[in-house]
Amino acid sequence: MPASLPRPVIRRFPVLIALLGALLAVTGVMVWGIRSFDASARWVNHTYEVLGQIESVRAALDATESTARGYRLTHDPRLENDYATHRPRAQARADALVRLVEDNPDQNRRAQALQALVTRRLAEIEQATELQRAGRTDVANRLMLDRGLATNADIERVAGDMARVERRLLTERSAASVRESLRLTIFVVAGMLLSVAMLIVLLVMIGRETRRSKRLEREARDALVTLEASIEQRELLAEQRRVLAAFAGLLHSCQTAEEALDVAGNALAQLVPNGAGVCYLMRASQNLLELHALFGTHGSEYPDAMRPEQCWALRRGSLHLYDPARPTARCEHLHDLTPEQACGVCVPLTSQGTTLGLLHVGSRLDAPLSDIELAAVESVAEHLGVVLYSLDLRESLRVQSLRDPLTGLYNRRYLEESLPREMERCERRGRPLSVLMVDVDYFKRFNDEHGHGAGDALLTKIGQVLAAVTRGEDIACRYGGEEFTIVMPEAGLEQAAMRAEQIRLAIAEASITYMRRELGPVTASIGVHELQVGLDTPETLLATADRALYAAKAQGRNRVLRATLPSVRGDGLPGDLRA
């Protein structure tokens, strides 16, 4: 026969059996109470949903009528777009209300009546809008007054009846929910008290030695976990310091912004191994930022450009975190990304009070960055901002050396440096690029009549006119003598020709003052050519525009000629030129 069990163990069996029975009973009662309470709560939530949907139908219909009225009064295309957006919303919300009250026949009938009234009201609004478009304003206004007021009154009556019924149901269901909640609370408290009492008895019977053994085991396990976490964190911090030190050394040796971004991308790839990041650099106009992919992504899912007001970090001038699981704002430039892709941090790149760009880093694990990773990203952004500012300052000093002292425009050396770069950028992005060659008509005669000082005053005035009428991204240069060149990135031939005509008129209207005398007016001839991708080099691009310029002079001066496909006519004039 088996050996007899110890007396404490024998005494423990009845307690265990009683505890198990009590727990099963309490569990059953709690499950029943939870289900009952859950059903009551669902009905209360359903009532709130119905009330909210009724108000949503009203709001959508009001918005539709408001935007339609605004469009009829102003004929603003934006209001027409708003009207087209709001109109289907009102019908969709009325349809959703019918589906929401399918469980209540009376309310369902009222919802169907409301749905029909909304449909009728939308038809009246659309009819009035069509009459307004046809110029029948009086008929449209009578329609809105005669039928609109009656239909709106019916809608308010039916919606009000539904809301009153739902509020009565809400009162009844809320009271039932409170009763079920009280009953469940009593069951839970009673069960917990009973279970706790029996558990205390069992724990006393187990003995101090068992409790002490478990406590020591738990403490040892917790200490081991804490030690491992501490070692891992210390190793991560050491590696982070090593990467940041190497990054800082390389970064401050960079000669261009592209090199600095490449170094920053390599460092971030090591500091945030499961992340992806892009950088936006501010244009000189300070109204647009351009995309540069750094690591973990080709950048195709991000917009190529963004405005400063589209990012919370740039608005506030400080780091901004976005996590879909937390109550935080999402930047507008991340709206095309999924919430998981947008989860991350935006850090402005600033130095000496100047905003130079934006760094966005997210995790590819659909989880927010750790505190260590956030600190690393912020450190990289701080170093990168300082270096970009230094490079920008260096570039500004270099550009100053490339200015023509008389006109204030860029000189020919800067043109030769920047034109290939702009051509490559526009070809890569699939954007057009045009070049204008501008020459002052009869400049030698002007010099002979008024002197070289007056000629310099004329060139200075031309430089001021070109600087005033060109865009911020255009490159206006003094090509030599009285000839000027304007590079227009992202401008096609038609747009460039229109701008050239504006420049011609501005020069013709300009007033030149020299030695307290008004001189002029003067005119200019302009040749325009658009980059032919795969065919033009910087030299041929300028030569074609220059050929168009000389053709404009040959045809009588003070005009704009555009170059198209190269050809030669039988009369000896270039066949690729047209006004």
Query raised in the report: Distance from Thr297 atom OG1 to His360 atom NE2, nearest 0.5 Å?
Result: 9.5 Å
Report task. Evaluate the criterion salt bridge (charged side-chain N to carboxylate O under 4.0 Å, His left out) for residue pair Arg562 and Glu530; output intermediate values, then yes/no. Result -> CA-CA 9 Å; Arg562 292 175 283 184; Glu530 181 182 357; over 6 Å; no
Query raised in the report: Could you give the distance from CG (Asn558) to OG1 (Thr523), rounded to the nearest 0.5 Å?
Result: 4.0 Å
Query raised in the report: For Arg78, does the CZ atom sit with more than 12 other heavy atoms under 6.0 Å from it, leaving out its own atoms?
Result: no
Query - Spacing of Glu301 atom CD and Leu334 atom CG [to the nearest 0.5 Å] - result: 10.5 Å
Query raised in the report: When rounded to the nearest 0.5 angstrom, what distance separates CG in Leu466 from CG in Leu409?
Result: 6.0 Å
Query raised in the report: Between Glu490 and Arg283, is there a side-chain N and carboxylate O pair less than 4.0 Å apart?
Result: yes
Query raised in the report: Between Arg307 and Leu288, is any pair of side-chain heavy atoms under 4.5 Å apart?
Result: yes
Report task. Before accepting this row, confirm whether a basic side-chain N of the pair Glu509/Arg504 lies closer than 4.0 Å to the acidic partner's carboxylate O. Result -> no
Report task. Decide, yes or no, whether a salt bridge links Glu55 with Arg58 under the criterion of side-chain N to carboxylate O below 4.0 Å. Result -> yes
Query raised in the report: Any chance CD of Glu382 has more than 12 other-residue heavy atoms, nucleotides or ligands included, within less than 6.0 Å?
Result: no
**Report entry** Partners meeting salt bridge (charged side-chain N to carboxylate O under 4.0 Å, His left out) with Arg99 (sequence neighbours left out)
**Finding:** none
Query raised in the report: Does the distance from a Lys or Arg side-chain N to an Asp or Glu carboxylate O, for Arg315 and Glu309, drop under 4.0 Å?
Result: no
